[in-house]
Amino acid sequence: MSSTDFDIITIGGGLGGASLAKVMAEHGAQVLVLESETKFKDRVRGEAMVSWGVNEAKELGIYSNLRDAGGWDVEFLEVSLEAGKPVRRQLRSTTNPSEPRFNFYHPDIQESLLQAASDAGAVIQRGARVRHLRLGDSHVVVATVAGVEKEFTARLVVGADGRYSRSRGWGGFQVSENPESTFCAGLLFQGMTAPDDTTHNFRTFEKSLNALLFPQRSGMVRAYLCYPMAWGEQLSADKDIRRFINWSVEAGTPKGYFEGAVPAGPLASFKSASTWVEHPYRDGVALIGDAAGATDPMWGQGLSLTLRDVRVLRDHLLGERDWAKSGHAYAEEHDRYFTVCNTVQAWHERLLVET
């Protein structure tokens with residue numbers, strides 16, 4: 001078993017882990033990224049960033065990396081209620097940071113950001129399976145890399161391993177969760193005629209259905225459908241594609257959008273209730289992104305929250321030599337903005353879904 005020392009180890013090399021590795025390596029930190037996937041695959045997950053998240057990406061200096069990986073600005077949002085005429089909103093002129101939304105294909109931006117982290121000096125280990133943590137004066141991450149068990153030590157371990165984070169358990173964090181009420185299903189389509197410059201939101205109150213379309217360019221569109229868990233149906237696989245389309249049309253999506261459209265990825269659905277930990281720092285372990293707090297994806301704030309976590313943690317680490325103080329300061333700030341976001345989403349859930 002071999003051992004190597006670092007300033008920071010991130011468990012997970014997705015949007016959060018790779019971004020943090022890049023920005024901290026640029027400031028001279030010795031960073032190791034342990035990423036389990038050797039090749040990123042298409043999965044049902046967020047690929048649309050709201051306007052304040054675009055601002056965070058620019059603050060972190062990764063916006064150009066996202067653009068170079070094929071991401072693009074989405075200038076308009078259209079909302080249609082009860083199959084009525086869509087209300088069109090120009091985002092640059094109606095958002096506080098005066099930014100559009102931003103769409104991308106998730107595997108492409110993951111690869112781009114990991115490469116940017118490597119170019120900045122971070123060490124990237126792909127196919128690394130983290131087994132456990134040992135916390136003490138030096139924090140030890142035990143992982144299997146290329147079939148060999150290795151130990152890595154760091155001043156700070158960052159759990160960036162998503163909604164179903166194992167880092168939370170290893171770090172001794174307790175998870176809270178909102179009541180479950182909604183499933184969110186997602187499916188990538190090819191050949192859909194929805195316009196590339198617009199995010200679409202279709203909602204019917206009578207059936208509590210919410211359908212969303214996030215263009216991926218060249219006729220590729222990620223479609224989402226949020227529907228009540230009370231229906232007892234968790235859509236998945238090819239057998240449920242027709243039902244996914246039918247319910248999306250019932251929500252108000254124009255039927256013509258699906259004519260000629262072909263599924264280009266897996267159909268999967270998941271429970272959308274928010275999960276989080278109080279104070280996502282303890283004993284040398286910080287949690288960021290969905291590992292720290294995953295909001296209901298129906299409202300689309302998750303990617304932006306991840307980048308805010310990275311930016312806030314970066315700022316505190318660079319501003320304080322005592323990283324334990326930095327970690328606690330980050331956690332206090334995270335609790336504040338995550339609680340605001342989660343509270344407002346609960347109001348929307350009560351008004352637009354339950355009522």
Side-chain angles (χ1 to χ4, degrees), residues 4-40 49 53 56-69 71 104 106-130 133 139-143 145 150-162 165-167 170-171 280-281 284-292 302-320 323 326-327 330 334:
T4 310
D5 295 328
F6 292 90
D7 296 313
I8 300 169
I9 296 173
T10 73
I11 300 175
L15 177 68
S19 296
L20 182 67
K22 175 184 181 295
V23 298
M24 291 304 297
E26 288 172 340
H27 285 86
Q30 299 298 310
V31 185
L32 169 67
V33 179
L34 297 174
E35 169 53 50
S36 61
E37 295 189 54
T38 57
K39 179 178 176 58
F40 292 118
M49 190 178 296
E56 294 288 359
K58 291 181 176 180
E59 289 286 332
L60 286 167
I62 64 168
Y63 177 74
S64 61
N65 300 99
L66 300 178
R67 287 292 298 265
D68 291 346
F104 52 79
H106 213 120
D108 289 347
I109 67 99
Q110 288 178 291
E111 294 291 352
S112 175
L113 288 174
L114 266 189
Q115 184 59 54
S118 177
D119 293 344
V123 177
I124 313 297
Q125 292 279 8
R126 302 288 291 265
R129 301 287 180 177
V130 178
L133 307 180
H139 313 304
V140 180
V141 180
V142 181
V145 182
K150 297 183 178 182
E151 289 187 353
F152 305 95
T153 60
R155 291 175 63 190
L156 177 69
V157 177
V158 178
D161 48 347
S165 167
R166 298 182 70 191
S167 299
W170 294 326
Y281 174 83
V285 179
L287 303 176
I288 62 173
D290 284 355
L303 297 174
S304 300
L305 281 167
T306 294
L307 293 187
R308 176 158 292 180
D309 288 351
V310 172
R311 195 260 303 162
V312 171
L313 180 57
R314 177 203 66 178
D315 291 350
H316 285 297
L317 292 175
L318 295 178
E320 171 60 64
W323 278 10
S326 299
Y330 154 72
H334 174 274

Indicate yes or no for a side-chain donor-acceptor contact from [X] to the backbone of [Y] under 3.5 Å, with no hydrogens or angles considered.
X    : Y    : result
S118 : L114 : no
R129 : A143 : no
D7   : Q30  : yes

Exercise for the section: Sort out for me which residue in V310, I109, L307 forms a side chain to side chain contact (heavy atoms under 4.5 Å, CB included) with I62. Expected result: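 Only one of V310, I109, L307 forms a side chain to side chain contact (heavy atoms under 4.5 Å, CB included) with I62, namely L307.
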Check whether any side-chain heavy atom of [X] lies under 4.5 Å from a side-chain heavy atom of [Y], and answer yes or no.
X    : Y    : value
R166 : V130 : no
L34  : F152 : yes
H106 : F40  : no

Exercise for the section: Could you go through the side chain to side chain contact (heavy atoms under 4.5 Å, CB included) check for K22 and N65 one step at a time? Expected result: CA-CA 11 Å; K22 175 184 181 295; N65 300 99; 3.5 Å; yes
Practice task
Looking only at non-hydrogen atoms, find the nearest pair between L60 and R311 and report the distance.
Solution key: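 Where L60 meets R311 most closely, the heavy atoms are CD2-CA, 3.6 Å.
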Exercise for the section: Kindly give the heavy-atom pair with the smallest separation between A25 and A122, and that separation in Å. Expected result: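 It is CB-N, 3.9 Å.
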Hey, what do you get for [atom1] ([X]) to [atom2] ([Y]), rounding to the nearest 0.5 Å?
X    : Y   : atom1 : atom2 : value
L113 : D68 : CG    : CG    : 10.5 Å
Q125 : I9  : CD    : CD1   : 10.5 Å
T10  : E35 : OG1   : CD    : 8.5 Å
M24  : S19 : CE    : OG    : 13.0 Å
L156 : L20 : CG    : CG    : 8.0 Å
R308 : E59 : CZ    : CD    : 10.0 Å

Practice task
Just do the side chain to side chain contact (heavy atoms under 4.5 Å, CB included) check on V141 and L32 with the steps written out, would you?
Solution key: CA-CA 11 Å; V141 180; L32 169 67; over 6 Å; no
Exercise for the section: For the pair V285 and W170, evaluate side chain to side chain contact (heavy atoms under 4.5 Å, CB included) and give the outcome as yes or no after the intermediate values. Expected result: CA-CA 9 Å; V285 179; W170 294 326; over 6 Å; no
Practice task
Assign the ring pair Y330 / H334 to parallel, tilted or perpendicular, where the plane angle (0 to 90°) is split at 30° and 60°.
Solution key: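 Tilted.
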Handout entry: Carboxylate-amine/guanidinium proximity below 4.0 Å for E56 and R314
Key =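 Not counted as a salt bridge, because no side-chain N and carboxylate O are separated by less than 4.0 Å.
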Practice task
Taking atom types as modelled, find out whether D161 and S167 have a side-chain donor-acceptor pair closer than 3.5 angstrom.
Solution key: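 Judged by distance alone, the side chains do pair up.
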